[in-house]
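What follows is a single structure, written as structure tokens, with notes after it.
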Amino acid sequence: MGFDKLVNGWTVVFPLAVLLYYFFRKRYETTTISSTLFWEQSMRETRVSPYLKNLQRNALFYLQMAALLLIVFILLGPYLTKEEAVGGHTILIVDTSAAMLASNEGTSLFARNQEAMKELVASRPGEPITIMTTGKEPIVVIREETDGEAIMTAIDKLTVTYEHEYMERAIEFAKSITTTGAAIHIYTDSLDQATFSEGESAIAWTIHGDENPKINVSIDKFGAVKTPEGTEAIIRITNDSDDTQIGAVHIKDLLTGNLLIDEAFSIEGEEEVLLSFKELPESKLLRAEIVVEDDYEVDNTAYVLLGNETGEAVVDGHLHELVKRAFEAVGLTVTTGSTTEMLAAQEESIIVTNDVSFLKKGTKPVIIVGRNDKSTEPVAGAVQNTSDPLFTVANISDVYVSALYPSFKSYTTIATVGDKPFIQKSKRGDIVILADIELTDWPLHPSFPLFVWSTVELLRSETDSLGLFVPNERKAVLSGRTENGLEIYTIDDEYVTTITDGSSFIAPTRPGIYKALDGGVEKMFAVQLEKSEKELVQGSSYQIGHSEIVKGNEEGENRIGWLFLVPLLLLLLIEWEVQRRRGYPN
């Protein structure tokens with residue numbers, strides 16, 4: 001037996017203090033002396049051991065000393081030594097990409113990997129286990145857990161995230177949390193041995209691949225455009241297997257629920273086929289699905305949102321070059337055009353100009369930077385903005401503006417310099433910046449390209465669509481900054497999650513069509529698989545490296561202090577009863 005907290009040994013002063021108290025306390029006893037002859041002898045006997053007399057026939061003293069000594073004993077942290085099984089650190093890296101849903105004989109690879117992990121954990125009782133999942137941001141599910149039941153529960157709760165695995169990131173992250181003598185098991189479908197560098201002898205890598213061949217027919221691409229006759233859809237189907245496959249293509253309008261296309265197809269092994277469907281009814285939301293017998297169903301569905309195709313901008317040649325650079329920085333194809341060229345492209349592209357006549361031309365909103373019909377006036381003061389969605393990610397409070405153009409009386413002011421309008425919006429959706437860029441220091445601030453991005457997204461959002469995303473994609477979206485945030489629902493009105501603001505938007509995990517509710521405004525968006533998750537690969541299982549993992553038994557501690565709590569309480573109860581019945585002797 002040993003003591004874990006010898007530092008608490010100082011508490012022994014308490015029972016010593018009680019002992020000294022009983023030594024020197026005065027005590028008087030009533031004694032009947034039959035004769036004065038025995039008086040002197042009685043007094044002599046009392047003086048022989050006066051201190052011990054204070055301790056004799058005193059039950060309260062013994063109870064107090066026993067309780068105090070028991071408290072000191074418990075505070076010292078007593079324990080009994082025991083043998084415990086020890087082992088090296090084992091890390092499980094779990095591929096949670098969509099490809100793990102590929103099945104073999106009706107069971108997905110992910111489910112088989114879960115069973116394999118449970119068998120591995122069961123064979124290593126008492127060893128510390130760490131479980132990680134893959135993705136752009138690898139996640140540690142549990143770390144160095146030794147409780148077998150907790151580990152099994154964590155394995156059962158693992159789910160497929162549909163996100164590409166980015167295995168290199170997971171491997172580097174595992175190395176960063178690994179000490180010497182670790183065994184890392186990777187559960188995936190295929191992993192090239194070239195991924196591992198030499199000289200990692202302290203880590204034993206075990207890769208659990210999938211050698212079973214798969215039949216996979218997938219929708220490689222699906223797109224649709226509006227035409228004068230309606231809608232035209234194009235589907236490219238690929239066959240990764242060696243044999244010819246047959247199936248059917250279904251195209252459905254998800255807003256009306258109408259099935260627009262039901263057509264059979266046949267595709268040769270290791271080939272692709274392009275199918276085109278013209279003169280479809282006008283629609284904003286289409287789903288394409290192939291009905292075919294294969295081992296991977298996730299890539300048999302694709303979605304498209306129409307009316308959000310604007311990817312080009314035409315910038316007036318009279319504007320500063322920095323304006324063009326800003327629109328290029330947000331991913332648009334930018335050209336410089338004359339008035340005639342901008343008029344021709346207004347319905348298909350985003351127009352950026354200082355010509356205020358465009359505010360009354362065409363049907364699409366434009367972006368006005370400065371004015372060509374008025375002169376500027378000097379201004380002074382701080383820039384302030386409203387809670388308009390344009391400023392969700394762009395803070396312009398530190399921008400300096402030296403002069404402004406006159407404002408439009410019928411437009412809504414969303415930013416000011418002092419008490420003068422700086423940025424306005426029209427009812428049509430036009431965005432007007434009442435200053436030349438060269439009269440400000442705005443291009444020197446990060447908010448300038450962010451504001452340009454916001455304006456582009458706002459003009460695109462006229463179709464009530466947020467666009468396309470991949471699973472778990474992080475992307476800022478325009479938000480009205482309502483108290484309820486962005487509420488996400490499926491196309492069938494099932495609640496998914498709530499996002500506090502658009503700058504922290506994360507797309508849902510499962511592919512499909514979703515709705516984002518922002519202050520009563522409903523916008524659609526689609527989540528689709530990445531192209532890499534539509535290709536199934538086979539891979540063998542292998543081992544790399546050798547880990548010097550020490551296994552065996554070591555002495556552990558079995559704490560026993562808590563066992564003495566009940567006797568301590570019992571002593572205190574008896575002490576209280578003695579005090580109640582007898583009190584202190586005179």
Side-chain angles (χ1 to χ4, degrees), residues 92-120 131-139 141 154-167 169-170 185-191 207-222 237-241 245 247-248 250 287-303 468-473 490-492 494 496 506-514 526-541:
L92 309 181
I93 300 179
V94 186
D95 187 344
T96 57
S97 63
M100 295 297 100
L101 293 176
S103 62
N104 181 45
E105 297 181 353
T107 304
S108 68
L109 175 59
F110 189 78
R112 298 200 304 272
N113 285 343
Q114 285 180 301
E115 294 301 321
M117 285 185 281
K118 290 181 180 180
E119 293 179 4
L120 177 66
I131 299 179
M132 291 173 47
T133 57
T134 60
K136 283 186 179 180
E137 299 177 3
I139 298 175
V141 180
I155 293 175
D156 287 331
K157 290 183 178 179
L158 293 174
T159 59
V160 173
T161 62
Y162 295 86
E163 183 181 6
H164 185 64
E165 68 273 10
Y166 298 97
M167 190 60 72
R169 299 185 185 184
H185 292 254
I186 301 177
Y187 293 87
T188 183
D189 50 0
S190 177
L191 187 59
I207 287 74
H208 303 266
D210 183 22
E211 300 180 1
N212 298 314
K214 301 288 190 305
I215 298 175
N216 183 34
V217 181
S218 63
I219 298 178
D220 184 54
K221 293 210 180 273
F222 175 48
I237 302 174
T238 60
N239 182 9
D240 294 336
S241 61
Q245 302 294 328
H250 293 169
R287 182 188 69 188
E289 181 181 7
I290 56 174
V291 181
V292 63
E293 293 185 4
D294 65 354
D295 297 320
Y296 187 44
E297 296 183 357
V298 182
D299 61 358
N300 293 351
T301 306
Y303 307 88
L468 298 176
F469 297 82
V470 297
N472 297 323
E473 180 180 0
T490 66
I491 189 66
D492 298 321
E494 294 180 5
V496 178
I506 302 177
T509 295
R510 187 180 296 273
I513 296 294
Y514 295 87
V527 177
Q528 301 215 87
L529 287 180
E530 298 179 66
K531 181 176 175 57
S532 58
E533 292 305 305
K534 298 180 181 182
E535 301 172 357
L536 298 183
V537 291
Q538 295 176 237
S540 59
S541 301

For this session: Verify the neighbour count for atom CD of E297: are there more than 12 heavy atoms of other residues, nucleotides or ligands below 6.0 Å?
Result: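 Result for CD/E297: open.
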Test side-chain hydrogen bond (donor to acceptor under 3.5 Å, both in side chains) applied to [X] - qualifying residues, sequence neighbours left out:
X	result
N113	none
E163	N472
E137	R474
T238	S218

For the atom pair [atom1] ([X]) and [atom2] ([Y]), what is the distance rounded to the nearest 0.5 Å?
X	Y	atom1	atom2	value
E293	Q245	CD	CD	8.5 Å
D189	E535	CG	CD	11.5 Å
I491	Y514	CD1	OH	11.0 Å
L101	Y162	CG	OH	5.0 Å
Q528	Y303	CD	OH	8.0 Å

Is [Y] close to [X] at the side-chain level, that is, under 4.5 Å between some pair of heavy atoms?
X	Y	answer
R287	I513	no
E533	V298	no
D95	I186	no
L536	D240	no

Problem set entry | side-chain contact (heavy atoms from CB on, under 4.5 Å) between H164 and T134, intermediate numbers included | CA-CA 8 Å; H164 185 64; T134 60; over 6 Å; no
Side chain to side chain contact (heavy atoms under 4.5 Å, CB included) partners of [X], counting only residues at least two apart:
X	value
A288	I219, F222, I235, I251
P138	M132, R169, A170, F173
T133	T96, I139, V141, L158
N104	R112, N212

Problem set entry | side-chain contact (heavy atoms from CB on, under 4.5 Å) between D294 and N300, intermediate numbers included | CA-CA 9 Å; D294 65 354; N300 293 351; 3.5 Å; yes
Problem set entry | Name of the residue among N239, D299, D295 meeting side chain to side chain donor-acceptor pair (under 3.5 Å) with N216 | D299
At their closest point, which heavy atom of [X] faces which heavy atom of [Y], and how far apart are they?
X	Y	result
S541	G209	OG-N, 2.9 Å
V160	S97	CG1-O, 3.4 Å
D220	K534	O-NZ, 3.4 Å

For this session: Please identify each residue that fulfils ring pair (Phe, Tyr, Trp, His ring centres under 6.0 Å) with Y296, with sequence neighbours left out.
Result: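 Y296 satisfies ring pair (Phe, Tyr, Trp, His ring centres under 6.0 Å) with no residue once adjacent residues are dropped.
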Problem set entry | Set of ring pair (Phe, Tyr, Trp, His ring centres under 6.0 Å) partners for F469, sequence neighbours left out | F505, F525
For this session: Kindly determine whether M167 and L191 satisfy side-chain contact (heavy atoms from CB on, under 4.5 Å), including the steps that lead there.
Result: CA-CA 8 Å; M167 190 60 72; L191 187 59; 3.8 Å; yes
[Y] backbone acceptor or donor facing [X] side chain under 3.5 Å:
X	Y	result
E211	S540	no
S108	A102	no
E289	T301	no

For this session: Just jot down the salt bridge (charged side-chain N to carboxylate O under 4.0 Å, His left out) partners of K214, sequence neighbours excluded, or say none.
Result: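 Once residues adjacent in sequence are excluded, the partners of K214 under the salt bridge (charged side-chain N to carboxylate O under 4.0 Å, His left out) criterion are D210.
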Problem set entry | Any residue meeting salt bridge (charged side-chain N to carboxylate O under 4.0 Å, His left out) with D492, in chain and number order, not counting sequence neighbours | none
For this session: Decide side-chain contact (heavy atoms from CB on, under 4.5 Å) for T188 and M100; before the verdict, give the C-alpha distance in whole Å, the side-chain angles of both, and the deciding distance to 0.1 Å.
Result: CA-CA 7 Å; T188 183; M100 295 297 100; 4.3 Å; yes
